[in-house]
Engineer: 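The structure that follows is given in the form of structure tokens.
Within every chain, numbering begins at 1; the chains are lettered A, B, ... in the order of the sequence lines, protein sequences first and strands thereafter. Keep in mind that this is a model prediction, so the values were computed, not measured.
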There are 2 protein chains.
Amino acid sequence: MMLDSETKAVELPEDHGTELRLWLRLLTCTTLIEGEVRSRLRERFDVTLPRFDLMAQLDKVPGGMTLSDLSKRMMVSNGNVTGLVERLVESGHLDRRTSETDRRVQFIRLTKLGRAEFRKMAAEHETWIADIFADLSRKDISELMRLLAKTKASAQRSAKARTP
Amino acid sequence: MMLDSETKAVELPEDHGTELRLWLRLLTCTTLIEGEVRSRLRERFDVTLPRFDLMAQLDKVPGGMTLSDLSKRMMVSNGNVTGLVERLVESGHLDRRTSETDRRVQFIRLTKLGRAEFRKMAAEHETWIADIFADLSRKDISELMRLLAKTKASAQRSAKARTP
DNA sequence: CGGGATCTCTTTAAGCTTCAAGCAATTTGG
DNA sequence: CCAAATTGCTTGAAGCTTAAAGAGATCCCG
């Protein structure tokens, strides 16, 4: 039987420094870009990133969606969405209607004002993102897309294995 | 003079959908992993992610560091670090001393307890991260490292251009 | 020196975020 | 049909986060 230096007993601590460094780099990139987008949104439109994100989700679906849908798509808690929606309804950007077939459900939509303001912000936002990634070639971008898709799948597999 | 389909007036809206999709995918990956790590830290050690991150920074430097250093390394605001450190000193994980040569400066260190607890958590944390990225090959990982380094540089260039 | 600029840190207000508990409506399985 | 489970949403407590203003200490340069 052959044993090489890679063979180890499972109880012994293995070296996973590479994965850790990868995670930290991923986190750094996201934090950096997120901070930049947050600053620009605030200084240019006086809006917070979570509000922009929420409106972005709603803009994708003309008919609006429920709080649960928003919560799943934004990957934040239900209670969080409740508060965000409340503030955006208050400011006139959102509209909420109770479903007629299920009185637990609230349909949320962008108002005319909300949609108009969002579209203006989104157009500029897109150019910021383009500039932030401007030093990447097309090949870099498609390669990064591929690897991130793989990363996402791997992370989901890991999360599911823990919570069956 | 030659004009091809790529030539456009700068005022016309260009299509940057690819970069936007890349950014959303990057954000999704980070959110997914961050949420997973947050859950596990809470359920396994009853500690929050920001506290773990702060202790991780301190663990790298035996002599400790100042609040400003922490703030820069963690990429969060000064006030944020003030509060985190306060709670961790309260719980006995951190130790703070005022510099003798500059009375503005506070040196922060892990206490014996803090270091011991962090090391235990860090060892397990590393295996979680390894599992989360387990479906990526070595080549995937090194390629991702390279592309994220390029992304980071590009984002920093973009941020600097805005705030000179 | 001296006074303005800068640096370190804290404080405050507002908002974001999570988790857990809870309420009401609906669905499901005897 | 009805009780139990599930679903959709809200609430409350605790903690995180930022931006902005401010207090004190140090630095710099005229």
Engineer: Residues two or more places apart in sequence or in another chain: which of them pass side chain to side chain contact (heavy atoms under 4.5 Å, CB included) with A:S39?
Structural biologist: B:R162
Engineer: Could you pull out all donor-acceptor pairs under 3.5 Å where a side-chain atom in residues 76-83 of chain A meets a protein atom, sequence neighbours excluded?
Structural biologist:
residue, atom, partner, partner atom, Å
A:S77, OG, A:N80, N, 3.3
A:N78, OD1, A:S71, OG, 3.2
A:T82, OG1, A:N78, O, 3.3

Engineer: Less than 4.0 angstrom from a charged side-chain N to a carboxylate O is my criterion; do A:R146 and A:E143 meet it?
Structural biologist: yes
Engineer: Side-chain N or O of B:S68 less than 4.0 angstrom from OP1 or OP2 on C:dC7?
Structural biologist: no
Engineer: Flag the pair A:D95 and A:K112 as a salt bridge only when some basic side-chain nitrogen lies within less than 4.0 angstrom of an acidic carboxylate oxygen.
Structural biologist: no
Engineer: Using C1' atoms of five pairs at each end, report the bend of the helix from C:dC1-D:dG30 to C:dG30-D:dC1 rounded to 10 degrees.
Structural biologist: 20°
Engineer: Distance-only, no hydrogens or angles: does the B:T30 side chain make a donor-acceptor pair with backbone N or O of B:L27 under 3.5 Å?
Structural biologist: no
Engineer: So which pairs with a foot in residues 120-139 of chain B pass ring pair (Phe, Tyr, Trp, His ring centres under 6.0 Å), sequence neighbours left out?
Structural biologist: B:F52-B:H125
Engineer: Can you run down the salt bridge (charged side-chain N to carboxylate O under 4.0 Å, His left out) pairs that involve residues 52-72 of chain A, sequence neighbours left out, and say none if there aren't any?
Structural biologist: A:D59-A:R115, A:D59-A:R119
Engineer: Check the phosphate of D:dC9 against A:S71, side-chain N and O only, distance under 4.0 Å to OP1 or OP2. Yes or no?
Structural biologist: no
Engineer: Between the protein and nucleotides 10-14 of chain C, which nitrogen or oxygen pairs are less than 3.5 angstrom apart?
Structural biologist:
residue, atom, partner, partner atom, Å
C:dT10, OP1, B:R96, NH2, 2.9
C:dT10, OP2, B:T82, OG1, 2.9

Engineer: For A:R96, give me all partners under side chain to side chain contact (heavy atoms under 4.5 Å, CB included), at least two apart in sequence or on another chain.
Structural biologist: A:L67, A:V85, A:V89, A:Q106, A:I108
Engineer: Counting only side-chain heavy atoms from C-beta out, which of C:dT8, D:dG8, C:dT18 sits nearest to A:V105?
Structural biologist: D:dG8
Engineer: Under a single-linkage rule joining Ile, Leu, Val, Met, Phe, Trp and Tyr whose side-chain heavy atoms are separated by less than 4.5 Å, which residues share a cluster with A:F107?
Structural biologist: A:V105
Engineer: Give the rounded distance in Å between these two atoms: CG of A:L84 and P of C:dC16.
Structural biologist: 5 Å
Engineer: Apply side-chain hydrogen bond (donor to acceptor under 3.5 Å, both in side chains) to A:T101 and list each qualifying residue two or more places apart in sequence or on a separate chain.
Structural biologist: A:S99
Engineer: What pairs of nitrogen or oxygen atoms, one from the protein and one from nucleotides 21-26 of chain D, lie under 3.5 Å apart?
Structural biologist:
residue, atom, partner, partner atom, Å
D:dT26, OP1, B:R103, N, 3.2

Engineer: May I have the distance from A:D69 (atom CG) to D:dT7 (atom C1'), rounded to whole angstrom?
Structural biologist: 13 Å
Engineer: Does the A:R25 side chain pair with the main chain of B:M145, one donor and one acceptor, at a distance under 3.5 Å?
Structural biologist: yes
Engineer: Scan residues 68-105 of chain A for pairs that pass ring pair (Phe, Tyr, Trp, His ring centres under 6.0 Å), counting only residues two or more places apart or in two chains.
Structural biologist: none
Engineer: If you measure from the Lys or Arg side-chain nitrogens to the Asp or Glu carboxylate oxygens, is any gap between A:E36 and A:R40 under 4.0 Å?
Structural biologist: yes
Engineer: Name every residue in residues 26-55 of chain A that has at least one heavy atom under 4.0 Å from any atom of DNA chain C, in order of residue number, or write none if there are no such residues.
Structural biologist: A:T48, A:P50, A:R51
